[in-house]
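All remarks here apply to the structure that follows.
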Amino acid sequence: MESRSAEINRRLIELLLDRPTYRRRWKAKAGTRIMSAGLNQKAVCEVLAKQAWEDGFDQTPRQLKDRVSRAIGPRPGSISGETLRWFIAGFAMTPEDAQYLWSATDLDGSGVTLLGSKEIGVPPPRDYRTVTAQEIHRLGPDGIPHEHRTNLILEATDRLSFYPFISNTDAVSVEPMRGARVVGKPYKVNSELTAVNIRLDEPVLRGETVSLEYLTHFLYVSTPPPEFRRGVATTGVETLEICVSFHHDRLPTRVWWCKWAGLEGQVISEEPVRLGTDGSVTKVARKLAGTMIGFRWSFESD
């Protein structure tokens with residue numbers, strides 16, 4: 001049976017050679033170094049180095065040589081989720097092609113991409129209540145969300161073995177950092193929401209608490225609304241901290257702290273918020289239940 005590394009290698013090469021838009025990206029970096037019909041690894045390194053820099057990592061093309069060689073070279077090696085995300089974002093791959101790549105890594109348990117499911121109306125179990133939640137939403141230099149870090153303390157209301165991550169974004173990868181791993185496949189909660197179950201390292205008994213941390217990486221094809229909404233279930237949360245961090249190359253002109261009438265509803269109330277010197281805004285709210293709150297922003301001048 002073909003190894004996962006070899007399969008990812010095969011799929012990456014297939015896409016970078018067969019898709020005209022992806023092929024043009026690395027050929028533009030190759031310049032006069034265009035050789036045979038094969039891939040130019042140095043040119044691919046330059047594409048990934050640019051993406052890494054946009055993600056906040058100072059990586060030269062030379063420093064990425066080994067990563068790229070493992071991914072698309074003649075001797076396939078292990079490829080990290082971070083590297084795969086740089087390929088997907090750097091070549092502006094479609095959600096379908098992103099899914100094609102991520103599906104080859106389904107069994108490694110480190111992350112999963114949610115791109116919808118045909119199954120509708122499967123409600124995730126809720127065997128917990130959220131004690132505290134910290135949401136850190138990070139935007140890139142293009143003003144589009146790039147990464148989101150979530151820290152949770154959950155109290156089990158029954159035996160708790162997994163946490164259902166729920167998203168209304170079709171193209172997103174989830175990577176547990178502490179206390180859990182991703183298992184299973186995405187499933188539809190309803191026509192708008194998709195979920196995937198994050199398996200805890202150890203089951204938690206009723207009344208006990210567990211700490212969970214995970215990263216969400218976005219793969220937007222079109223520009224999303226300039227806002228971050230965070231819903232709170234009727235079971236409530238004791239303390240919720242929301243931070244939105246903007247890239248220094250794309251700072252907003254105005255930011256508001258808002259309450260919405262649901263996930264797709266209009267703004268009910270809002271108040272202006274001053275941007276911090278580090279290019280971020282933060283708000284802490286307590287004793288919440290059955291609400292939808294967060295930040296919205298504008299890059300336009302008055």
Side-chain angles (χ1 to χ4, degrees), residues 51-58 85 89 92 114 130-153 165-175 177 192-193 212-234 236-302:
Q51 183 60 46
W53 181 86
E54 291 180 355
D55 289 356
F57 295 91
D58 187 12
R85 283 190 294 272
L114 306 185
T130 305
V131 181
T132 64
Q134 181 189 48
E135 308 283 3
I136 304 174
H137 199 61
R138 181 184 174 197
L139 281 72
D142 53 4
I144 294 177
H146 160 66
E147 179 183 279
H148 187 94
R149 182 181 296 270
T150 300
N151 289 284
L152 300 171
I153 296 179
F165 169 86
I166 302 174
S167 174
N168 69 322
T169 302
D170 280 343
V172 61
S173 67
V174 188
E175 182 182 359
M177 303 300 292
E192 297 178 345
L193 301 176
L212 175 64
E213 179 182 4
Y214 59 89
L215 284 176
T216 306
H217 297 270
F218 303 101
L219 304 171
Y220 286 108
V221 176
S222 57
T223 303
E227 62 185 31
F228 173 72
R229 303 190 188 195
R230 208 301 190 169
V232 179
T234 54
V237 59
E238 292 183 14
T239 304
L240 170 62
E241 177 184 346
I242 299 177
C243 172
V244 177
S245 178
F246 299 91
H247 195 278
H248 60 83
D249 285 341
R250 191 76 188 280
L251 296 176
T253 54
R254 290 173 293 174
V255 184
W256 298 266
W257 172 251
C258 303
K259 180 178 181 180
W260 288 270
L263 184 62
E264 302 296 334
Q266 299 296 313
V267 173
I268 297 175
S269 63
E270 64 180 23
E271 62 180 74
V273 179
R274 179 175 296 181
L275 192 69
T277 56
D278 62 348
S280 71
V281 288
T282 302
K283 201 81 169 180
V284 177
R286 293 181 172 82
K287 302 296 182 181
L288 300 171
T291 189
M292 181 71 63
I293 57 176
F295 291 103
R296 73 176 185 91
W297 53 89
S298 173
F299 294 111
E300 299 177 359
S301 301
D302 292 331

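Quick note: residue numbers are just sequence positions, from 1.
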Using a 3.5 Å cut-off and no angle test, enumerate the donor-acceptor pairs between side-chain atoms of residues 280-289 and protein atoms at least two apart in sequence or in another chain.
unit_1 : atom_1 : unit_2 : atom_2 : d
Ser280 : OG     : Asp278 : OD1    : 2.8
Ser280 : OG     : Asp278 : OD2    : 3.1
Lys283 : NZ     : Glu271 : OE2    : 3.2

With a 4.5 Å cut-off on side-chain heavy atoms, are [Y] and [X] touching?
X	Y	answer
Tyr214	Leu152	yes
Leu139	His247	no
Gln134	Ile136	yes
Leu240	Ile293	yes

If you look at every heavy atom in [X] and [Y], which pair is closest and at what distance?
X	Y	value
Gly294	Ile242	CA-CD1, 4.1 Å
Val131	Val237	O-CG2, 3.8 Å
Arg230	Ala133	NH2-CB, 3.4 Å
Asp249	Pro141	CB-CB, 4.2 Å

Supply the atom-to-atom distance [X] [atom1] to [Y] [atom2], rounded to the nearest 0.5 angstrom.
X	Y	atom1	atom2	answer
Arg149	Glu135	CZ	CD	12.0 Å
Ser269	Lys259	OG	NZ	6.0 Å
Thr253	Trp297	OG1	CH2	12.5 Å
Met177	Thr150	CE	OG1	12.0 Å
Thr130	Leu212	OG1	CG	10.0 Å

What is the ring orientation for His217 with His146, classed by angle as parallel under 30°, tilted 30 to 60°, or perpendicular over 60°? perpendicular

Is the backbone of Trp256 close enough, under 3.5 Å, to the side chain of Arg296 for a donor and an acceptor to pair up by distance? no

Between Arg229 and Cys258 (side chain of the first, backbone of the second, donor and acceptor by atom type, cut-off under 3.5 Å), is there such a pair? no

Does the ring center of His148 lie less than 6.0 Å from the ring center of Phe228? yes

